[in-house]
Protein chains: 2
Amino acid sequence: MDPLKLENQLCFPLYVAAKEIVRKYRPFLDPLGLTYTQYIAMMVFWEHKSVTVGRLGDLLCLDSGTLTPMLKKMEAAGLVKRCRGSKDERVVTVTITEKGEALREKAQDVPTKMAGCVSLTQEEAVQLLALLKKLN
Amino acid sequence: MDPLKLENQLCFPLYVAAKEIVRKYRPFLDPLGLTYTQYIAMMVFWEHKSVTVGRLGDLLCLDSGTLTPMLKKMEAAGLVKRCRGSKDERVVTVTITEKGEALREKAQDVPTKMAGCVSLTQEEAVQLLALLKKLN
DNA sequence: TAAAATAAAATTGCACACAATATAAATCTT
DNA sequence: AAGATTTATATTGTGTGCAATTTTATTTTA
């Protein structure tokens with residue numbers, strides 16, 4: 001068993017599967033005007049209404065180098081507002097707008113549609129989730 | 001159970017795990033002068049010596065938009081050569097160089113080092129692999 | 001309290017990743 | 001065989017993703 005053979009890697013199917021899932025989201029997210037990364041950010045906003053950039057980064061495992069430009073685009077799209085904190089001016093708090101809230105309705109059926117694209121049973125999904133968590 | 005909550009997503013842990021794995025490779029690949037994507041490409045060259053861009057794209061699930069610039073960098077680094085086919089001039093065949101072959105020695109212990117970073121048993125790894133394959 | 005250390009975002013630079021389009025060559029079709 | 005179609009890469013444009021650095025603000029420390 002050659003450990004430097006592509007087919008013997010664990011990382012590679014993981015890398016491919018992650019890209020594949022994002023790709024499968026596209027047809028459902030395009031009509032909403034969201035990328036996958038913006039979509040998971042919106043999930044945070046739908047749940048918390050308002051979070052700092054740092055907190056968002058912790059939740060999404062993304063740094064400011066990725067988030068700052070993306071949040072500016074989302075602000076330009078009218079989905080969120082970005083405000084410097086008054087108490088601590090280093091902090092930027094991002095808050096969902098009415099338009100962002102409204103998008104939630106249109107996103108409602110995305111998870112169901114995606115579930116239809118994934119050929120795993122409920123049990124397998126749970127198992128996969130457990131293994132992925134253990135990986136981190 | 002809110003299907004639009006981040007914590008209820010299957011995709012998100014997958015997306016995070018994939019990024020995390022690539023991140024864990026960095027300290028081992030940096031000394032070789034390879035990125036993760038270049039590393040998996042080198043695995044193909046170590047195995048096949050010579051492949052077309054198209055075939056490489058099939059194996060790595062990457063398109064020419066990603067491969068062409070990367071292969072040019074790898075050529076500039078002296079790891080591979082790119083040659084237009086003489087029989088069919090549309091085809092570009094990429095061939096590993098001596099230097100590319102030599103890099104294999106230095107990469108030899110990367111899989112072992114990585115295995116030390118992943119907290120999965122052999123059995124769990126097999127299970128994960130099966131679930132990921134079913135996902136595609 | 002002034003200087004040093006720390007912290008939060010933003011910026012910069014590089015490397016993907018991929019859709020869409022362009023280019024050029026080979027193949028098919030009539 | 002000329003035109004249409006298909007095929008293999010390359011190019012373009014947009015959007016991450018992250019390390020490293022910078023900027024600005026806060027906190028700690030001497």
Side-chain angles (χ1 to χ4, degrees), chain A residues 11-12 15-27 29-30 32-42 51-77 79-80 82-94, chain B residues 11-12 15-27 29-30 32-42 51-77 79-80 82-94:
Chain A
C11 62
F12 181 63
Y15 158 85
V16 173
K19 288 193 303 176
E20 179 67 9
I21 288 285
V22 170
R23 202 184 60 73
K24 280 185 178 164
Y25 266 103
R26 264 189 68 103
L29 296 181
D30 272 353
L32 308 187
L34 293 176
T35 63
Y36 175 74
T37 315
Q38 289 169 3
Y39 174 62
I40 59 177
M42 285 309 296
V51 289
T52 65
V53 172
R55 173 97 174 106
L56 185 64
D58 290 343
L59 290 169
L60 300 184
C61 303
L62 291 170
D63 74 359
S64 67
T66 302
L67 290 178
T68 298
M70 188 186 76
L71 290 170
K72 283 181 178 173
K73 278 174 218 156
M74 292 174 75
E75 182 172 43
L79 298 175
V80 297
R82 293 158 66 248
C83 296
R84 283 273 161 200
S86 49
K87 197 175 62 195
D88 184 339
E89 290 206 2
R90 291 171 304 180
V91 175
V92 169
T93 298
V94 188
Chain B
C11 62
F12 181 63
Y15 158 86
V16 173
K19 288 193 302 175
E20 178 67 8
I21 289 285
V22 170
R23 203 184 60 74
K24 279 184 178 164
Y25 268 103
R26 264 189 69 102
L29 296 182
D30 272 352
L32 307 185
L34 292 177
T35 62
Y36 174 75
T37 315
Q38 289 169 6
Y39 174 63
I40 58 174
M42 284 310 295
V51 289
T52 65
V53 172
R55 172 99 175 103
L56 183 64
D58 289 343
L59 290 169
L60 300 182
C61 303
L62 291 170
D63 74 359
S64 67
T66 300
L67 291 178
T68 298
M70 189 186 76
L71 290 170
K72 283 182 179 173
K73 278 174 219 158
M74 292 173 75
E75 183 172 42
L79 299 175
V80 296
R82 293 159 65 248
C83 296
R84 283 273 161 199
S86 50
K87 196 175 62 195
D88 184 338
E89 290 204 2
R90 290 170 305 178
V91 175
V92 169
T93 299
V94 188

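Only this structure's heavy atoms are used, side chains among them; waters, hydrogens and symmetry mates stay out. Residue numbers begin at 1 in each chain, while the letters A, B, ... track the order of the sequences.
Among the nucleotides dC16(C), dT16(D), dA9(C), the one closest to the side chain of Thr66(A) is dT16(D). Taking every side-chain heavy atom of Val92(B) into account, dA10(D) is the closest of dA19(C), dA10(D), dA10(C). Between dA9(C), dT9(D), dT11(C), one nucleotide has an atom nearer to the side chain of Val91(A) than all others, and that is dA9(C). Closest contact between the side chain of Arg84(A) and the listed nucleotides dT24(D), dC18(D), dA9(C) involves dA9(C). The listed nucleotides are dA25(C), dA17(C), dG17(D); the one nearest the side chain of Arg90(B) is dA25(C). With dT16(D), dT11(D), dA25(D) as the candidates, the nucleotide lying closest to the side chain of Lys73(A) is dT16(D). Side-chain atoms of Met70(B) lie closest to dC16(C) of the nucleotides dC16(C), dT24(D), dA26(C). Ranking dA17(C), dT11(D), dA10(C) by closeness to the Thr68(B) side chain, first place goes to dT11(D). Checking dC18(C), dC18(D), dA10(C) against the side-chain heavy atoms of Val53(A) singles out dA10(C) as nearest.
What you find for Gly33(B) and Gln38(B) is that their closest heavy atoms are O-OE1, 3.7 Å. Heavy atoms only, all atoms of each residue included: Glu89(B) and Ser86(B) are closest at CG-O, 4.3 Å.
In this entry the distance linking CG of Leu29(B) with P of dC16(C) reads 11 Å, nearest Å. The CZ atom of Phe12(A) sits 15 Å away from the P atom of dC16(C) (whole-angstrom rounding). For the pair Tyr36(B) OH and dC18(D) P, the computed distance is 14 Å after rounding to whole Å. Nucleotide dA19(D) holds its P atom 13 Å from the CG atom of Leu67(A), rounded to whole Å. The separation between Asp63(B) atom CG and dT21(C) atom P is 14 Å, rounded to whole Å. Rounded to whole Å, atom P of dA15(C) lies 19 Å from atom NZ of Lys19(B). Here dC14(C) presents its P atom at 22 Å from CZ of Arg23(B), a figure rounded to the nearest Å. The interatomic distance linking Lys24(A) (NZ) with dA19(C) (C1') rounds to 18 Å, in whole Å.
A residue-by-residue look at Glu89(B) and Thr37(B) shows that Thr37(B) has its nearest nucleotide of DNA chain C further toward the 5' end. Both Thr35(A) and Arg82(B) lie close to DNA chain D; mapped to their nearest nucleotides by heavy-atom distance, the more 5′-ward contact belongs to Arg82(B).
For Lys72(A), no side-chain nitrogen or oxygen approaches OP1 or OP2 of dG15(D) to under 4.0 Å. A sub-4.0 Å separation between OP1 or OP2 of dA17(C) and a side-chain N or O of Tyr15(A) is present. The phosphate of dG15(D) has neither OP1 nor OP2 within less than 4.0 Å of any side-chain N or O from Arg26(A). Between dA8(D) and Thr52(B), no contact under 4.0 Å exists linking OP1 or OP2 to a side-chain N or O.
Residue-level contact check: Gly65(B) touches the bases, meaning some heavy atom is under 4.0 Å from a base atom. Heavy atoms of Leu62(B) sit under 4.0 angstrom from primed sugar atoms or phosphate atoms, though from no base atom. Using a 4.0 Å heavy-atom criterion, one finds that Arg55(B) contacts no nucleic acid atom at all. At a threshold of 4.0 angstrom between heavy atoms, the contacts of Asp88(A) are confined to the sugar-phosphate backbone, with no base atom among them. Ser64(A) comes within 4.0 angstrom of a base, heavy atoms only.
A ring pair (Phe, Tyr, Trp, His ring centres under 6.0 Å) with Tyr15(A) is found for one member of Tyr15(B), Tyr36(B), Tyr39(B) and no other, namely Tyr36(B).
Between Glu75(B) and Lys72(B), none of the side-chain N atoms (NZ, or NE/NH1/NH2) sits under 4.0 Å from a carboxylate O, so this pair counts as no salt bridge.
Contact check for Leu62(A) versus Lys19(B): side-chain heavy atoms found under the 4.5 Å cut-off.
Note: Leu71(A) CG to Thr66(A) OG1 = 10.0 Å, rounded to the nearest 0.5 Å.
Between the side chain of Arg84(B) and the backbone N or O of Arg90(B), at least one donor-acceptor pair lies under 3.5 Å.
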